[in-house]
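Each chain gets a letter, A, B and so on, in the order its sequence line appears, and its residues count up from 1.
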Amino acid sequence: MEGHITCVICPVGCKIAVRKEGIEYIIEGNRCKRGEEYARNELVMPRRILTTSVKVANGHLPLVSVKTSRPVDKAIIREKMNDIKKLVMEAPVYIGDIVLEDFDGEGTPLLATRSVEKADV
Amino acid sequence: MNKLKTDVLVIGGGAAGMACALSAAREGVRVTLLEREARIGGVLNQCIHNGFGLQFYQQELTGPEFASRLMEEMQVENVTVISESYVRDINVRTKTASVLSPKGAYEIQAKALVVSTGARERPFGSLLIPGDRPSGIMPAGVAQRYVNLENYLPSKRAIVLGSGDIGLIMARRLTLEGVEVVAVLERMPFPGGLTRNIVQCLDDFDIPLYLSTTVTGVRGNGRLESVEISRVDENFVPIAGSQKTIAVDALILSAGLLPQVEEFDEDLEIDAVNRGFVVSNTCESSVEGVFAAGNNVAVFDLVDYVAAEGWIAGRHAALFSLGKNTSGDRVPVFRGQNVGVLVPGIVDMEEHLRLYIRLRKPMERGTVVLRELAMEKKFTFGVPSEMIQMVVNKEKLLPLMDSGRLTVEVL
Amino acid sequence: MREPRLFSWRGFSFGGAEMQTLVIGGGLVGALIARELTRYEMKVLLVEKREDLGQGITKANSAILHGGYDDPPNTLRGKLCAKGNRLYNQLAEELKIAVNRVGSIVVAKGEEELRKLEILLENGKANSVEGLRIVGRQELRKLEPGLSKEFDYALLCESAGVIEPWMVAIAASMNAVNNGAEIITGNGVVGAIVESKRAKRVKLSSGREIEADLVINASGLFYEQVSSFFGVYAPPVKLRKGEYILLDKRASTLVNRVIFPLPTAAGKGRLVVPTIDGGVLLGPTSVEFSDFFPEDVSTTAEGLISVRESGDDLIPGIDSPQWFLKSFAGLRPESPQKDFYIKKADELENFITVGAIRSPGLTAAPAIAEYVVGEVIGSMDLKLTPKDDFNPFIDERLRIKELPFEEVARLIEADPKYGRIICQCNEVSEAEVIQAIKDGARTVDGVKFRTRAGFGRCQGGFCSWKIASILARELNKDMSGVRQNSQNSWIINGKVRT
């Protein structure tokens, strides 16, 4: 496989060329080691922090914004959205609360990124 | 009607306003913060994605988390928030404001004012795109409000016009929620948002980005049914024969932000390029005791800058309200070549100088030169969408006393 | 089958002794006629095909009260325009609609064009137009400093003004309802039964059938179609599309009055109009449709460019892109006679056609209503008994923007919703939004047109979702059931998380 990746580690945004030769990855165009590592990760297993919403019952808002505590395998995100759609949190929810213990099977929790109080009756 | 006396009146409770209120309160003065929505936080409340706080908190946070940090710190200070408020009338010289809110009407007398009203999105109507006037055409921030706060999906199949950050973020957000985002269009020959967003919002989801392309027609009977897109030349004139029709039910618009300055533009000076208030590096505007910070000064790209500016504004507003003279000698700032947006417009020698610059066009490499200070900062791959920041300690500003001006240019 | 939505239900009795009049068309002319009819003992029913009133020709024009000097004296429009202009003073008081007599000028350059102004002046005098005179360069500069320097003379008309045409339709219909009329929206006429040279029954799109002793066709763009259901001849009209650009309030510093170029055979031309809420309107173009497409109110690239250029010709610099708020188009009819067509039908005893209401229809409208009820019905074999409890006044609709601070403070104390400002660009409170819904708004545009919320410089960016939410709440609907304007104009198609 072959391609170009734009590195996002720092604002320079090096355009890194990536080539696979046999089992080796050839990486060119990066200005620093971090870029090389980023490009390698992007190729092998790109990771992203997922930010999304989870339904809240009886809260002052209908949704609580959430995030994975660290980057997760990009490839599983779309299918995991189905799991997220089934979750319901009961208000009150506090920022930092664990919404899902293990989002990705590698122990990455899904955390609330805001607080949602109980709705006024 | 309630009469209220306060030291610092902050108008707008977004990132700049919250940082400002907090910073002013820490100086020991009374702060009143006016906010139009039911809760403070501004757009941070609906920006559930991350990328905020790398500079301000040395942590990568989502919008709500960034806002929460400021809110929490504000809670223990002497800040009165009047939510759902509307400034009906304001006199910048007497520092009095007439304010309406569901809790009542207020006549507020302040000693210092901070205007942190942010920016609004450019409306579709102002683009004069011909065609029908169906529902389904909305600014990206409205779509974001619906999806992230109100729990509503506004579309099944959408196209995004404008590759500014908000458009890119929403392209991803909608896609993750099952909306088919057909493409992002950008009329310039280069993208408008941060590179990281091009990668993580478009490339990740195989959403094509069509540069030098724009919407030249909209069709729909009641609801949007299709858009006509065209390639454009350097003068944004549609190229004949390049027209294509794409069936969509939503046109998400990310056509730029406009600093909200109109209510004050008869009193406070406006910078024609930034389209925002002229301020010094103490964030003071052209009227004494009136400060401004945030997106109503210039459209910033990082909330960290906005919060930093708000912080400075708060401190100086507080000191002004205490009768302390925080102003030193001042010199005007001039734009040299290749400089677009530039903040501040005036250098006050009493305060460190934080300069924010946007290039007029992408430059492979270049040097930002502060001519009269003989200072430079080199860069590579500079783009207008990513602000360049330079910080100069106030001790180093002395040469400006002789020159009487500062010229910022990019060579 | 859709239930017709009613603004008021008065137990309409079929076949009762009381005379029943059906007015077809809820534009400003139909609404004013319906109102006029409620002065008399009879049941009045107004049907409107679209979801709200005043959404056709009524909102597709320049919103100007014309002086009346541009109409030949021997025409119906010549007879009714200046009269209608004067009637608006009283109408404004009764229906609480805003009228701003900004005045107008028709500009001319050179002696030959001056002669054309003189003809208009003579015409105006013959039509009893008030406040009309010709001014020269010096005075023109003082009156309109922003005007292009190429113009030497102008015909000044002080009685010209600007209004919100849809508010005439809305307020007139509210007054009609207060006086006993029934209004049905979202229901067009789809058929009619005629017997012995009389219109007997009219069929609506919902399936409902209306018995009528008198039918008045005021259906605007659709007047030919409606007449055909009754077998009544209606002179064919051509549809003319007019494109407009609306500018931010900032543009109003350049212009004080309505600016007209010299009129031509094509019409009054492209104007610069200071609007009632402080903005500026440029346009319209005037392009004839060869076919009948009454739903096509799309703008075109060429049309918008020419609107900009024409505006710039009159007021240099007015077409500044930073002032553009929106563009829109509307359709107006034009008949070969270039005049209104208002007459009792030849084919039926109880049918009146009110059609081809072209310019200056808006201005003439109150006089048209009086003419229809006074003269046209007056010439028919119908006895009209005046009511003694007709009330021409509607209640004031509060706009807190127009009230002093202390008064707003008191309102808020009594009802906090006056303090929740939903539209900050135009200072529209939640209480006013709710009142608009009580007054009949069922869509986001319905609220916008009644309150001016969403008409400001953010163009609904901050408030449109709030208005939609309030509608959902007040009408007990799902958000997915809320509409922008027409039935098909959905806003939301579901929830993110269910």
Side-chain angles (χ1 to χ4, degrees), chain B residues 1-2 36-38 84-89 98 100-107 120-136 138-139 141-142 145-156 177-178 216-223 238 249 258 260 262 265 275, chain C residues 245-246 248-250 295-304 308 321-329 400 405-406 408-410 412-413 416-421 424 427 429-430 444 457-462 464-465 469 479-480 483-497:
Chain B
M1 191 193 352
N2 310 295
R36 65 187 287 165
E37 297 295 322
E84 295 187 292
S85 59
Y86 167 75
V87 177
R88 195 185 214 228
D89 211 1
S98 305
L100 304 179
S101 83
K103 295 228 159 62
Y106 297 85
E107 287 266 15
R120 64 178 181 278
E121 297 181 271
R122 179 171 274 116
F124 172 73
S126 70
L127 302 177
L128 295 193
I129 292 177
D132 299 321
R133 292 290 168 259
S135 62
M138 70 198 82
V142 173
R145 172 101 215 183
Y146 275 132
V147 174
N148 293 345
L149 288 179
E150 306 299 316
N151 192 24
Y152 292 122
L153 279 174
S155 164
K156 297 185 196 94
E177 294 305 334
T216 46
V218 295
R219 285 259 162 270
N221 182 9
R223 178 79 187 194
D249 67 19
L258 302 168
Q260 302 244 82
E262 286 85 357
D265 65 2
R275 301 183 65 159
Chain C
I245 297 175
L246 183 65
D248 186 293
K249 290 179 176 136
R250 289 280 172 272
E295 315 292 2
D296 180 2
V297 287
S298 60
T299 51
T300 63
E302 314 76 47
L304 294 178
R308 289 184 58 178
Q322 62 179 317
W323 288 340
F324 297 156
L325 277 189
K326 69 189 269 192
S327 57
F328 62 96
I400 61 164
F405 188 64
E406 297 71 24
V408 182
R410 275 195 295 276
I412 294 174
E413 245 181 285
K417 296 203 195 72
Y418 279 104
R420 184 171 290 119
I421 309 303
Q424 295 222 347
E427 197 174 322
S429 66
E430 185 182 8
V444 174
R457 58 175 57 102
C458 91
Q459 288 290 293
F462 284 110
S464 60
W465 69 268
S469 302
M479 270 295 264
S480 50
R483 296 290 174 268
Q484 185 70 38
N485 37 51
S486 65
Q487 257 204 294
N488 206 31
S489 63
W490 56 273
I491 297 169
I492 294 299
N493 72 304
K495 290 199 164 166
V496 178
R497 301 278 175 264

Separation of C:I491 CD1 from B:S155 OG (nearest 0.5 Å): 13.5 Å
CD (C:E413) and NZ (B:K103) are apart, to the nearest 0.5 Å, by 14.5 Å
I'd like to know if the side chain of B:N151 and the backbone of C:K495 have a donor-acceptor N/O pair within less than 3.5 Å. no
Select one option (side chain, backbone, both, neither) describing which atoms of [X] are under 4.5 Å from chain B's heavy atoms.
{"X": "C:L304", "result": "side chain"}
{"X": "C:S486", "result": "side chain"}
{"X": "C:R250", "result": "side chain"}
{"X": "C:K417", "result": "neither"}
{"X": "C:Q424", "result": "both"}
{"X": "C:L246", "result": "neither"}

For chain C, which of [options] has the most heavy-atom pairs under 4.5 Å?
{"options": "B:E262, B:K156, B:E150, B:E177", "answer": "B:E262"}
{"options": "B:G141, B:P123, B:S101", "answer": "B:S101"}
{"options": "B:S135, B:A105, B:S98, B:P102", "answer": "B:P102"}
{"options": "B:R120, B:M1, B:R88", "answer": "B:R88"}
{"options": "B:N148, B:D132, B:V87, B:V218", "answer": "B:D132"}

Considering only heavy atoms from C-beta outward, does the side chain of [X] approach that of [Y] to under 4.5 Å?
{"X": "C:E302", "Y": "B:P130", "answer": "no"}
{"X": "C:T299", "Y": "B:R133", "answer": "yes"}
{"X": "C:F405", "Y": "B:L100", "answer": "yes"}
{"X": "C:Q322", "Y": "B:R275", "answer": "yes"}
{"X": "B:L258", "Y": "C:R457", "answer": "no"}
{"X": "C:R483", "Y": "B:R223", "answer": "no"}

Checking heavy atoms, do the side chain of [X], its backbone, both or neither come under 4.5 Å from chain C?
{"X": "B:F124", "result": "neither"}
{"X": "B:T216", "result": "neither"}
{"X": "B:R122", "result": "neither"}
{"X": "B:I129", "result": "backbone"}
{"X": "B:P154", "result": "both"}
{"X": "B:E84", "result": "both"}
{"X": "B:V147", "result": "both"}
{"X": "B:Q260", "result": "side chain"}

Contact winner vs chain B - [options], heavy-atom pairs under 4.5 Å:
{"options": "C:E427, C:Q459, C:Q484, C:K326", "result": "C:E427"}
{"options": "C:P321, C:S489, C:G461, C:S480", "result": "C:S489"}
{"options": "C:S327, C:G303, C:C458", "result": "C:S327"}

Apply side-chain contact (heavy atoms from CB on, under 4.5 Å) to C:N493 and B:D249, showing your working. CA-CA 10 Å; C:N493 72 304; B:D249 67 19; 5.6 Å; no
I would like to know whether C:M479 and B:Y146 meet side-chain contact (heavy atoms from CB on, under 4.5 Å); could you show each step before the answer? CA-CA 11 Å; C:M479 270 295 264; B:Y146 275 132; 3.8 Å; yes
How about B:N221: does its CG atom have over 12 heavy atoms from other parts shown lying under 6.0 Å from it? no
Is the terminal nitrogen or CZ of B:R36 (NZ for Lys, CZ for Arg) located under 6.0 angstrom from the six-membered ring centre of C:F462 and within 45° of that ring's axis? yes
